[in-house]
Student: 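The structure is given below, and queries will be raised subsequently.
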Amino acid sequence: MSTTYDASEPSFRLSMLIYDTRYRSLTIQVVAFILFMSGIAWLISNAYFNLQDLGKDFDFGFLGSRAGYDISPRLIEYSNDSTHFRATLIGLLNTLLVAFLGCILATIVGVIAGVLRLSNNWITARLMTIYVEAFRNIPVLLWILLFFAFFTESLPHPRTFKGEDPESTLFLGSIAFTRQDAWIPAPIMGTGSNIILIIFALSLFAIWFFGRWAKRRQEATGDILPTFWIKLAIFVLPTLAMYLVLGRPITLEYPEISRFSFDGGIRVKNAMLALWLALSLYTGAFIAEAVRAGILAVSSGQTEASFALGLRPNRTMSLVILPQALRVIIPPLISQYLNLTKNSSLAIAVGYMDLRATLGGITLNQTGRELECMLLMMLIYLIVSLIISGAMNVYNSSVKLKER
Amino acid sequence: MKKSVFFGTLAAAGLAAGFAAAGTLDDVKANGTLKCGVTTGLVGFAAPDASGKWEGFDVSVCRAVAAAVLGDGEKVEFVPTTGQTRFTALASGEIDMLARNTTWTFSRDVDLKFTFVGVNYYDGQGFMVRKDLGVSSATELDGATVCIQTGTTTELNLADYFKANNMSYEPVPIETNAEAQQQYLAGACDVYTTDASGLAATRATFEDADAHMVLPEIISKEPLGPLVRHGDDQWGDIVRWTLNALIAAEELGVTSANLEEMAKGTNNPEINRLLGTEGDLGGMLGLGATWAKDAISVGGNYGEVFAANIGEGTPIALARGLNAQWTQGGLIYSPPFR
């Protein structure tokens with residue numbers, strides 16, 4: 001028998017931490033970690049002692065005191081008697097509102113522009129190239145300011161809507177676009193309108209249920225139902241029928257000219273419209289590139305193969321190209337959604353009262369709690385971003401290649 | 001703007017080391033310039049002229065302090081601040097003093113820990129509207145769209161005033177006076193509200209100034225004055241007594257015209273003490289004997305500074321009103337130099 005492994009291996013020496021490749025990487029990591037942590041500790045202690053020198057404490061108690069300023073728009077109840085915490089919440093909701101609307105519009109614009117950029121029509125493709133390059137290569141702040149300037153300088157003044165023979169009239173008889181914000185009709189919920197909302201929710205559920213059923217039926221029998229038309233019918237008919245049966249309980253309140261501007265309807269801030277459009281078109285340009293990359297990543301052999309199998313072009317798109325393209329599109333899409341959400345803090349430039357303008361602006365200024373407000377604001381943006389990327393990652397894992 | 005809030009915060013958080021320990025006076029002398037926070041531009045109070053030289057009522061205070069400390073009113077680095085960035089800039093040590101139409105309030109003094117060294121302009125918040133709006137009183141503004149400079153006391157006064165009068169309004173928050181002016185002129189808001197002096201100054205720059213009017217209501221007390229950080233009393237004293245020197249000079253009849261003559265010695269002991277020919281007031285402050293003379297020599301006494309920048313001879317055309325000397329029925333009053 002050969003010799004057994006000698007147990008008395010050389011004992012550990014300190015120099016091995018540097019010269020032995022087994023330990024060296026560990027040593028470097030430990031040293032780097034200690035340096036990093038001491039850097040952080042230095043920052044924290046420095047902040048602590050300098051705050052002490054300034055005679056300031058670190059206290060979030062100001063969130064419970066009266067804010068004293070007004071915010072518009074507000075999605076939930078708020079007055080200047082509410083607390084700074086409530087004001088922060090209003091700001092956060094305004095941020096989320098513009099981010100949500102922005103993500104939707106950016107996706108629509110991006111998908112359309114991305115697909116059209118691959119169009120065989122020369123003009124269409126070039127126009128989309130111009131759009132993408134123009135928006136991608138100019139800072140979004142300038143776009144926001146440009147849109148805002150357009151709204152406040154070129155739209156009619158509310159007073160031009162006044163009089164017997166006004167210079168300006170409501171757009172489509174119901175929407176007032178003015179340089180002091182826009183007014184859209186507001187729904188008035190009469191008695192029985194809850195029933196209609198319930199029916200509407202039920203029909204959405206039915207559409208989803210029907211889609212699943214039709215898919216399973218198709219997999220089992222091969223029959224293809226005209227799902228789009230059936231879904232549309234489920235979407236519209238029950239709600240419409242109930243609306244008529246109950247005697248039209250939901251009515252619209254149209255904006256009406258008042259002393260200074262308009263009464264009635266919902267006031268939509270120009271600042272919000274400008275921010276929303278600029279962010280959507282800016283981010284849409286990036287999404288268009290992601291979509292184009294995703295489609296180009298699917299080899300043309302896939303298209304040819306599905307044509308050879310007799311699939312029509314639209315089914316080729318939905319069954320073959322898109323599922324594969326989405327795997328490439330979704331990851332960059334997530335970061336574009338995050339970018340849009342964070343870029344919404346540029347709202348300050350046009351006076352839209354988002355989180356940055358309430359917590360990081362007026363509250364910070366009126367209370368003088370710079371460190372607390374900034375840290376809290378960073379934390380909130382971080383949480384919002386993590387939630388968005390978490391949700392999108394769940395979707396991503398549902399479309400990504402499933403290896404079995 | 002965002003950048004300076006951020007840097008200010010970082011600095012407040014302590015990345016700028018140990019400013020509280022060293023005296024501001026030593027820092028200013030070592031730098032050779034006074035860093036003075038002013039507005040981003042409000043004609044008459046602080047704005048660069050055609051050649052880029054800062055001038056105005058608040059600017060004169062900065063120049064007077066620079067002259068008192070460094071002997072030269074030109075040795076000032078003007079740092080434009082917005083309503084939002086000014087306090088962070090001062091607290092972090094980015095500027096040595098702030099002379100920016102800043103209202104002296106309890107919480108700014110006590111909670112934000114600033115020392116208001118005095119009042120150089122007694123003001124109140126007013127409203128400006130176009131004449132063709134057909135409004136003659138602020139109580140008729142129910143439902144109006146109002147431009148406000150954000151981060152100011154005016155924001156809170158406005159909320160209180162409309163609440164007290166049971167009226168509603170649509171706030172349009174705005175960062176700087178220039179932006180507010182543009183929005184107001186474009187018609188994006190019906191009303192612009194800020195300190196009445198600021199309204200007068202802004203209106204003076206309009207091409208069609210006659211088409212606009214400042215409503216009669218003054219809805220708040222806005223004592224405006226220069227301020228410094230808490231914790232450096234010597235520096236606070238220097239700024240306070242420089243301002244008082246300008247005020248006392250007017251009261252005592254010391255003007256830029258007769259300054260040199262008076263500095264040779266007069267038979268009024270207070271003038272002699274002020275101008276350094278008698279006693280050692282400058283030495284007590286840690287400054288030279290001619291500190292007050294230097295300060296007055298930049299732009300003259302308080303009355304001269306007022307007349308040259310915002311007085312009735314200028315387009316802004318503000319009357320002295322509350323800002324007359326106490327001997328003339330106003331509130332401007334310097335404690336005695338003794």
Side-chain angles (χ1 to χ4, degrees), chain A residues 42-51 53-56 62 67-72 79-81 148-149 151-153 156-159 178-181 258-263 267 269-271 345-346 348-349 351-353 356-357 360-362 364-371 373-375, chain B residues 1-2 5-6 8-9 11-21 83-88 91-92 107-108 111-113 132-134 140-145 147 150-153 155-156 158-160 162-163 169-175 179 182-183 186-191 229-231:
Chain A
W42 178 77
L43 283 179
I44 292 176
S45 76
N46 213 349
Y48 175 77
F49 287 114
N50 274 348
L51 280 178
D53 282 351
L54 280 171
K56 288 188 172 184
F62 69 93
Y69 59 92
D70 289 298
I71 303 177
S72 172
S79 77
N80 53 44
D81 284 332
F148 188 59
F151 281 119
T152 53
E153 309 263 346
H157 194 277
R159 68 168 168 266
T178 79
R179 57 180 61 185
Q180 287 187 1
D181 300 343
S258 66
R259 177 153 166 61
F260 290 105
S261 47
F262 287 87
D263 273 343
R267 184 172 187 151
K269 299 284 274 186
N270 275 342
S345 62
L346 291 170
I348 190 78
Y352 176 67
M353 303 289 270
R356 165 72 184 78
I362 304 178
L364 181 151
N365 209 273
Q366 303 290 7
T367 61
R369 302 274 173 187
E370 297 97 351
L371 195 60
C373 286
M374 281 293 167
L375 286 178
Chain B
M1 201 292 308
K2 283 182 86 168
V5 168
F6 180 68
T9 310
L15 290 182
F19 49 81
Q84 293 222 14
T85 58
R86 54 185 165 176
F87 296 127
T88 325
S92 66
S107 64
R108 285 174 178 176
D111 193 33
L112 299 189
K113 312 222 182 286
D132 59 18
L133 199 62
E140 298 167 24
L141 289 175
D142 192 10
T145 304
C147 281
T150 186
T152 61
T153 47
E155 207 161 35
L156 306 180
L158 181 73
D160 290 351
F162 274 74
K163 190 194 191 79
Y169 68 102
E170 178 74 16
V172 178
I174 276 159
E175 200 63 14
E179 240 176 281
Q182 182 218 336
Q183 299 261 327
C189 45
D190 302 309
V191 189
R229 282 181 296 277
H230 267 188

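Just so we're on the same page: letters track the sequence lines, and every chain starts at 1. Hydrogens, waters and symmetry mates are skipped; everything else that's a heavy atom, side chains included, is used.
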Student: Please round to the nearest 0.5 Å and tell me the distance separating atom OG1 of Thr150(B) and atom OH of Tyr69(A).
Tutor: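 Thr150(B) atom OG1 to Tyr69(A) atom OH measures 8.5 Å (nearest 0.5 Å).
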Student: Ala67(A) versus chain B, heavy atoms under 4.5 Å apart: side chain, backbone, both or neither?
Tutor: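 Answer is backbone: N, CA, C or O of Ala67(A) sit under 4.5 Å from chain B.
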Student: What distance separates Glu370(A) CD from Ser92(B) OG, expressed to the nearest 0.5 Å?
Tutor: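 Here the rounded value is 8.5 Å.
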Student: Please answer whether the main-chain N or O of Thr152(B) pairs with a side-chain N or O of Asn365(A) as donor and acceptor at a distance below 3.5 Å.
Tutor: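 It does not hold such a pair.
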Student: Chain A heavy atoms under 4.5 Å from Glu140(B): which part of the residue, side chain, backbone, both or neither?
Tutor: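 The answer is both parts of Glu140(B).
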Student: Could you tell me which portion of Leu156(B) (side chain, backbone, both or neither) has an atom closer than 4.5 angstrom to a non-hydrogen atom of chain A?
Tutor: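 Looking at Leu156(B), backbone and side chain both touch chain A.
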Student: For residues Pro171(B) and Ser72(A), report the shortest heavy-atom separation together with the two atoms involved.
Tutor: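 Between these two residues, the closest heavy atoms are CD-CB, 3.8 Å.
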Student: Which answer fits Leu141(B), side chain, backbone, both or neither, if we ask what part of it has an atom under 4.5 Å from a heavy atom of chain A?
Tutor: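 Interface part for Leu141(B): both.
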Student: Counting heavy-atom pairs under 4.5 Å with chain B, which one of Arg369(A), Lys269(A), Gln180(A), Arg259(A) comes out on top?
Tutor: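 Heavy-atom pair counts peak at Gln180(A).
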Student: State the NZ-CG distance between Lys163(B) and Asn80(A), to the nearest 0.5 angstrom.
Tutor: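 One gets 4.0 Å once the value is rounded to the nearest 0.5 Å.
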Student: In terms of heavy-atom proximity below 4.5 Å to chain B, should Thr152(A) be classed as side chain, backbone, both, or neither?
Tutor: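 Both backbone and side chain of Thr152(A) come within 4.5 Å of chain B.
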Student: Top residue by heavy-atom pair count (under 4.5 Å) with chain A, among Asp160(B), Thr145(B), Val172(B), Ile174(B)?
Tutor: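 Among the listed options, the one with the most contacts to chain A is Thr145(B).
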Student: Against chain B, label Ala271(A) side chain, backbone, both or neither, depending on which of its atoms sit under 4.5 Å from a heavy atom there.
Tutor: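 Answer is neither: Ala271(A) stays 4.5 Å or more from chain B.
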Student: Roughly how far, to the nearest 0.5 Å, is the CZ atom of Phe148(A) from the CD atom of Gln183(B)?
Tutor: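 One finds 4.0 Å between CD of Gln183(B) and CZ of Phe148(A).
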Student: Side chain, backbone, both or neither: which part of Asp181(A) has an atom under 4.5 Å from a heavy atom of chain B?
Tutor: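 The side chain, not the backbone.
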Student: Search all heavy atoms of Gly68(A) against all heavy atoms of Ala159(B) and return the closest pair with its distance.
Tutor: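 In this case the closest contact between Gly68(A) and Ala159(B) is O-CB, 3.4 Å.
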Student: What heavy-atom pair brings Asp190(B) and Phe260(A) nearest, and what distance separates the two atoms?
Tutor: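 Result for this residue pair: OD2-CB, 3.6 Å.
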Student: Let me confirm one number: the CG-CD distance from Asp70(A) to Glu170(B), rounded to the nearest 0.5 Å.
Tutor: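 Taking CG in Asp70(A) and CD in Glu170(B), the distance rounds to 9.5 Å.
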Student: Among Arg179(A), Glu153(A), Arg159(A), which has the most heavy-atom pairs under 4.5 Å with chain B?
Tutor: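 Option with the top pair count is Arg179(A).
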Student: Locate the shortest heavy-atom distance separating Gln84(B) from Ile362(A); write the atom from each residue and the value.
Tutor: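 Distance-wise, the nearest heavy atoms are NE2-N, 4.4 Å.
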Student: So what's closer than 4.5 Å to chain B heavy atoms on Thr367(A): side chain, backbone, both or neither?
Tutor: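 Interface part for Thr367(A): backbone (N, CA, C, O).
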Student: Check whether Phe162(B) gets within reach of chain A through its side chain, its backbone, both or neither, counting any heavy atom under 4.5 Å.
Tutor: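 Neither the backbone nor the side chain of Phe162(B) comes within 4.5 Å of chain A.
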